[in-house]
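Fair warning: this is a prediction, and the values are worked out from it, not measured in the lab. Side chains are part of it too, since the values below use all heavy atoms of this structure and drop only hydrogens, waters and symmetry mates.
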Amino acid sequence: MSEMRKVTLINGDGIGPEVVNATRQVLEAAKCPLEFEYQDAGAEQMNRHGTNLPPSTVESVLRNGVALKGPTATGIGVGPQSANVALRKQLELYASVRPVKSIPGVKTRYDNIDLVVVRENTEDLYAGIEHIVVPGVVESLKIITEKASTRICRYAFEHARAQKRKKVSAVHKANIMKLSDGLFLDCFRKVAREYSDIQSEDVIVDNLCMQLVKNPEKYDVLVMENLYGDIVSDLCAGLVGGLGLVPGANIGTSSAVFEAVHGTAPDIAGKGLANPTALLLSAVMMLQWLKEDVAAARIEKAVLKVYAEGKVRTGDLGGSARMKDFTQAVIAHLA
Ligand code: ATP
């Protein structure tokens with residue numbers, strides 16, 4: 001059995017504590033060699049800590065090198081910076097990796113989707129540099145750098161190579177944002193030259209969205225700036241059955257935070273109705289990253305068996321199962 005590994009566990013807001021608890025139950029039932037260190041982040045922590053991202057949370061992730069995180073809420077309009085954005089910036093979690101794969105048994109328009117969205121996580125309009133020029137006129141700055149663009153494009157090609165994937169597509173709007181997206185595209189083209197074993201192409205983001213709806217099987221690895229990545233990730237989640245299913249990883253040079261693509265789902269929070277699959281599959285990605293491949297495969301297989309059997313479905317997929325029923329079904333299928 002492998003050595004125990006400490007993992008920072010962040011509940012987050014909304015459905016966060018519920019899906020984190022379900023995932024923890026499965027990890028414990030699978031006897032994964034993990035020890036959990038609970039830390040706080042999210043809007044609900046403002047009253048307790050006066051911040052949505054206490055320094056102790058960042059220190060814990062840095063110390064452990066790895067975290068599993070529930071979604072955190074960010075208010076619309078004036079207010080503090082999102083805990084997610086702050087965490088990604090402070091830990092330099094520059095690459096967001098979101099594998100989007102059809103799950104046999106989940107009925108959608110397509111059953112052959114297998115792509116990866118690689119999203120730049122540290123800059124773009126998420127730099128949060130906004131100001132009122134004069135009343136009624138606001139300016140938001142889109143920051144794109146050669147360093148971050150080159151780093152994320154290289155990550156995408158390395159990921160493609162490691163996962164034996166064939167093609168990387170750069171997603172942009174360089175026809176309109178000639179300087180910023182133009183720089184991103186230049187960086188992509190330069191990096192692509194170093195990877196002659198992998199096909200490369202570029203696609204304008206609006207066309208990509210249309211193509212994804214019509215011919216999603218055309219795509220393999222997609223790499224893009226932060227905001228496009230946010231939007232395209234949700235579109236891709238819709239292709240395979242919704243936000244309840246798609247996992248994610250935020251990878252940095254010294255740590256990694258694993259979390260679902262979905263948000264806090266306030267409409268179903270606290271009701272025991274959420275689908276924990278996205279966080280469970282994020283935990284599978286975490287186990288793979290920790291080189292716990294056997295445990296990762298066991299949990300992934302158990303989740304897939306529950307879907308293949310088709311008896312236990314949460315509400316987001318048209319079923320009536322509660323989260324605890326789904327969690328128990330996964331535990332029962334652990335071989
Ligand atoms: P954010 O702005 O934080 O990314 P969002 O606007 O994308 O959030 P979500 O909180 O992800 O919104 O929820 C969008 C919809 O998807 C809601 O109807 C929600 O109930 C549903 N949803 C999201 N996650 C899950 C889940 N794990 N299980 C079931 N339904 C979910």
Side-chain angles (χ1 to χ4, degrees), residues 10-20 22-23 41-42 67-74 82-85 87-88 93-103 106 108 110 113-122 124 126 152 155-156 159 163 171 205 208-209 212-213 216 219 221-252 256-269 273-286 288-289 299-300 303 307 314-317 323 326:
I10 301 169
N11 272 333
D13 302 309
I15 59 170
E18 300 166 66
V19 289
V20 167
T23 303
L68 185 64
K69 176 183 168 297
T72 45
T74 311
S82 134
N84 260 345
V85 172
L87 191 67
R88 290 169 191 173
L93 302 169
Y94 68 90
S96 167
V97 184
R98 294 164 165 187
V100 183
K101 204 168 174 193
S102 301
I103 296 184
V106 176
T108 57
Y110 305 98
I113 292 171
D114 182 10
L115 53 87
V116 183
V117 177
V118 176
R119 165 185 176 188
E120 204 290 322
N121 239 355
T122 63
D124 188 11
Y126 281 65
I152 196 67
Y155 185 93
H159 186 82
Q163 302 281 319
V171 181
V205 62
L208 172 84
C209 290
L212 279 172
V213 173
Y219 296 101
V221 176
L222 299 168
V223 61
M224 63 201 84
E225 294 164 7
N226 210 338
L227 182 61
Y228 304 146
D230 186 28
I231 299 165
V232 169
S233 297
D234 274 28
L235 192 163
C236 290
L239 292 173
V240 294
L243 285 166
L245 300 174
V246 179
N250 298 291
I251 309 285
V257 176
F258 295 83
E259 64 180 335
V261 169
H262 64 71
T264 57
D267 50 338
I268 54 167
L273 299 175
N275 185 346
T277 302
L279 193 66
L280 272 169
L281 295 178
S282 305
V284 167
M285 290 177 79
M286 177 181 79
Q288 288 162 346
W289 189 81
I299 295 175
E300 187 177 27
V303 172
Y307 281 111
T314 44
D316 54 318
L317 297 175
M323 192 181 65
F326 185 88

Counterpart residues, side-chain hydrogen bond (donor to acceptor under 3.5 Å, both in side chains), relative to [X] (two or more places apart):
| X | value |
| --- | --- |
| Tyr155 | none |
| Thr122 | Glu120 |
| Ser233 | Arg98 |

Using the side-chain contact (heavy atoms from CB on, under 4.5 Å) rule, take Leu279 and Val20 through it: C-alpha gap first, then chi angles, then the decisive distance, then the call.
-> CA-CA 7 Å; Leu279 193 66; Val20 167; 3.7 Å; yes

Hey, could you give me the CG/CD distance between Leu280 and Glu300, rounded to the nearest 0.5 Å?
->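 Rounded to the nearest 0.5 Å, the CG-CD separation comes out at 11.0 Å.
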
Find the distance between CD1 (Ile113) and CD1 (Ile103) and round it off to the nearest 0.5 Å.
->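 Rounded to the nearest 0.5 Å, the CD1-CD1 separation comes to 11.5 Å.
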
If you look at every heavy atom in Asp13 and Gly42, which pair is closest and at what distance?
->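 Asp13 and Gly42 have their closest heavy atoms at OD2-CA, 3.3 Å.
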
Looking only at heavy atoms, which two atoms of Val100 and Cys236 are closest? And how far apart?
->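 Heavy-atom minimum between the residues: CG1-O, 3.3 Å.
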
Atom pairs and distances, side-chain donor-acceptor, residues 238-247, under 3.5 Å, sequence neighbours left out:
none

Please list every donor-acceptor pair under 3.5 Å in which a side-chain atom of residues 258-269 meets a protein atom from a residue at least two apart or in another chain.
from	atom 1	to	atom 2	distance (Å)
Glu259	OE1	Lys69	NZ	2.8
Glu259	OE2	Arg88	NH2	2.9
Glu259	OE2	Asn250	ND2	2.8

Would you call [X] and [Y] a side-chain contact if the rule is heavy atoms closer than 4.5 Å?
| X | Y | value |
| --- | --- | --- |
| Asn121 | Asn226 | yes |
| Ile231 | Leu235 | no |
| Val213 | Cys209 | no |
| Thr74 | Thr72 | no |
| Val284 | Gln288 | yes |
| Val116 | Gln163 | no |

Excluding sequence neighbours, so at least two apart, what forms ring pair (Phe, Tyr, Trp, His ring centres under 6.0 Å) with Tyr307?
->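 Only Phe326 meet the ring pair (Phe, Tyr, Trp, His ring centres under 6.0 Å) criterion with Tyr307.
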
Not counting sequence neighbours, which residues clear ring pair (Phe, Tyr, Trp, His ring centres under 6.0 Å) with Tyr219? List them please.
->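 For Tyr219, no residue satisfies ring pair (Phe, Tyr, Trp, His ring centres under 6.0 Å) once neighbours in sequence are set aside.
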
Residue pairs fulfilling salt bridge (Lys or Arg N to Asp or Glu O under 4.0 Å) with at least one residue in residues 226-239, sequence neighbours excluded =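 Listed by first then second residue: Arg119-Asp230.
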
Give the C-alpha distance, both sets of side-chain angles, the deciding distance and a yes or no for side chain to side chain donor-acceptor pair (under 3.5 Å) between Ser82 and Asn84.
-> CA-CA 5 Å; Ser82 134; Asn84 260 345; 5.0 Å; no

Could you list the residues that satisfy side chain to side chain contact (heavy atoms under 4.5 Å, CB included) with Ala283, not counting sequence neighbours?
->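 Ala283 satisfies side chain to side chain contact (heavy atoms under 4.5 Å, CB included) with Thr23, Leu27, Leu68 once adjacent residues are dropped.
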
Pair Thr314-Asp316, side-chain donor/acceptor within less than 3.5 Å |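 The criterion, which ignores hydrogens and geometry beyond distance, is satisfied for Asp316 and Thr314.
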
Taking salt bridge (Lys or Arg N to Asp or Glu O under 4.0 Å) as the test, write out the residues that go with Asp124, two or more places apart.
->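 Partners of Asp124 by the salt bridge (Lys or Arg N to Asp or Glu O under 4.0 Å) criterion, ordered by chain and then number, come out as Lys142.
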
Would you sort out whether Val205 and Met224 count as a side-chain contact (heavy atoms from CB on, under 4.5 Å), showing the intermediate values?
-> CA-CA 9 Å; Val205 62; Met224 63 201 84; 5.8 Å; no

